[in-house]
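Contents: one structure, followed by commentary.
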Amino acid sequence: MTMVVLAAAVLTTEGAVARGETRQAAAAVTEPVPAPPAAVTPVAVAATAEPTCMRVKGAEACVGPDGSDRPGIWIEDTRNDKLHAVVEYHLNEYLGTKYVIHNLGGKGEIRGNREIGRTVTFRAAVYEGNHRVRVGRWKTVRNLTKYPVKRDTRVTPAGARARSKLCTYTGGGASLCFHERGTYVFACDTRADEYQARAEYFVAGDPTARYEIHQLAGLNTCGKAEHGDQTISMFRASVYNGTHRVATRQYKYN
């Protein structure tokens, strides 16, 4: 994806809310959630080990321990084409929140996040725009970092607002809140329907890496991502039905 395409995506107000039938508060998640016992190969990694990597054609995703050249989780674009590399991951064996990093920088570029949990389940993928073209197998690694991100799954939308500096919302039931003292971001589902809340944002003024939090656990739940001392530069909340975006707001600048 080129910088021109990204700029257009940032500056354009996307479609209005597509309203769906009301569901019960405990409705099932529509986006498929991976099942680690069937698809994940656990790997214990010592603090001095090399990164553990997963590859598909055009992308290499790696999780590195504190002592490696690239600690945390990162994604490299390995092919010169119109597609871009993506890493999808879950933290601390909790499947109600999925994290995604889109590397929009082109071949040879690497993007990622150092803040990971004690357990990371991840896979590499290749996207064309918002459409996933190829995806690899899930892999789990454990005990990589001395100070892992803790599991924080009981935050409500009200709690996220109280802990945050700034929030934005969609009419379709999603909110994004963040604080920049040890930057963290919340994506919250605020409506009982079949749709999922999603936070989409950029950090440290870099327009070539889009971060996402997909909140899959349903009504009044929030997913949390941490970004150390990097600040949020652009952000929006969206609502999805699986992979189809049904509501969003224009990107805001921080």
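It should be emphasised that the depicted structure is a prediction, and the values quoted were computed from it without experimental measurement. Basis for what follows: all heavy atoms, side chains included, without hydrogens, waters or symmetry-related copies.
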Just verifying a value: how many Å separate [X] [atom1] and [Y] [atom2], rounded to the nearest 0.5 Å?
{"X": "N220", "Y": "C188", "atom1": "CG", "atom2": "SG", "value": "9.0 Å"}
{"X": "L83", "Y": "H131", "atom1": "CG", "atom2": "NE2", "value": "9.5 Å"}
{"X": "L176", "Y": "R198", "atom1": "CG", "atom2": "CZ", "value": "12.5 Å"}
{"X": "Y201", "Y": "M234", "atom1": "OH", "atom2": "CE", "value": "13.0 Å"}
{"X": "N92", "Y": "R118", "atom1": "CG", "atom2": "CZ", "value": "8.5 Å"}
{"X": "H84", "Y": "E128", "atom1": "NE2", "atom2": "CD", "value": "10.0 Å"}

Among residues at least two apart in sequence or on other chains, which ones pass side-chain contact (heavy atoms from CB on, under 4.5 Å) with [X]?
{"X": "V56", "answer": "A59, A124, V126"}
{"X": "A174", "answer": "T170, A197, A237, V239"}
{"X": "E115", "answer": "N113, V149, E226"}

May I ask you to test the [X]-[Y] pair for a side-chain heavy-atom distance under 4.5 Å?
{"X": "I116", "Y": "L144", "result": "yes"}
{"X": "P51", "Y": "S68", "result": "yes"}
{"X": "I213", "Y": "V185", "result": "yes"}
{"X": "V87", "Y": "R123", "result": "no"}
{"X": "R132", "Y": "E88", "result": "yes"}
{"X": "D206", "Y": "R111", "result": "yes"}
{"X": "K252", "Y": "N254", "result": "no"}
{"X": "T140", "Y": "V120", "result": "no"}

Does [X] use its side chain to pair, donor to acceptor, with the backbone of [Y] at less than 3.5 Å?
{"X": "D66", "Y": "K146", "value": "yes"}
{"X": "N241", "Y": "T243", "value": "no"}
{"X": "D229", "Y": "T231", "value": "no"}
{"X": "N103", "Y": "V86", "value": "no"}
{"X": "Q250", "Y": "T248", "value": "no"}

Can you sort out the partners of F235 under ring pair (Phe, Tyr, Trp, His ring centres under 6.0 Å), two or more places apart, ordered by chain and number? F178
Ring pair (Phe, Tyr, Trp, His ring centres under 6.0 Å) involving Y89 - partner list, sequence neighbours excluded: Y99
Mind running side chain to side chain donor-acceptor pair (under 3.5 Å) on T183 and Q230 for me, showing each step along the way? CA-CA 6 Å; T183 298; Q230 298 184 94; over 6 Å; no
Out of the candidates Q215, R151, K224, only one should pair with T97 under the side chain to side chain donor-acceptor pair (under 3.5 Å) rule; please name it. Q215
Does a donor on one side chain sit under 3.5 Å from an acceptor on the other, for E60 and T78? no
Check the side chains of E200 and S238 for a donor-acceptor pair under 3.5 angstrom, ignoring hydrogens and angles. yes
For the residue pair H227 and Y211, categorise the inter-ring angle as parallel (less than 30°), tilted (30 to 60°) or perpendicular (more than 60°). perpendicular
Once the angle between the rings of Y127 and H102 is folded into 0 to 90°, is it parallel (under 30°), tilted (30 to 60°) or perpendicular (over 60°)? perpendicular
Identify the heavy atoms of G218 and D189 that sit nearest to each other, and give their distance. O-CB, 3.3 Å
According to a 4.5 Å side-chain heavy-atom criterion applied to Ile, Leu, Val, Met, Phe, Trp and Tyr, with indirect links allowed, do W74 and M54 form part of one hydrophobic cluster? no
If hydrophobic clusters are built from ILVMFWY residues whose side chains come within less than 4.5 Å, do F202 and Y253 share one? yes
Pairs of donor and acceptor atoms involving the side chains of residues 155-165, under 3.5 Å and at least two apart or interchain, shall be tabulated with distances.
unit_1 : atom_1 : unit_2 : atom_2 : d
T156   : OG1    : G159   : N      : 3.1
R163   : NH2    : D152   : OD2    : 3.4
S164   : OG     : A160   : O      : 2.6

Are R142 and E93 close enough for a salt bridge, meaning some N to O gap below 4.0 Å? yes
Ion pair present between K107 and D81, side-chain N to carboxylate O less than 4.0 angstrom? no
Go through the steps for F186 and Y184 under the test ring-ring contact (aromatic ring centres under 6.0 Å, His included), then give the verdict. CA-CA 7 Å; F186 292 105; Y184 50 82; 5.5 Å; yes
With side-chain contact (heavy atoms from CB on, under 4.5 Å) as the criterion, how do K139 and T121 come out once you've worked through the C-alpha distance, each side chain's angles and the decisive distance to 0.1 Å? CA-CA 5 Å; K139 180 178 281 291; T121 300; over 6 Å; no
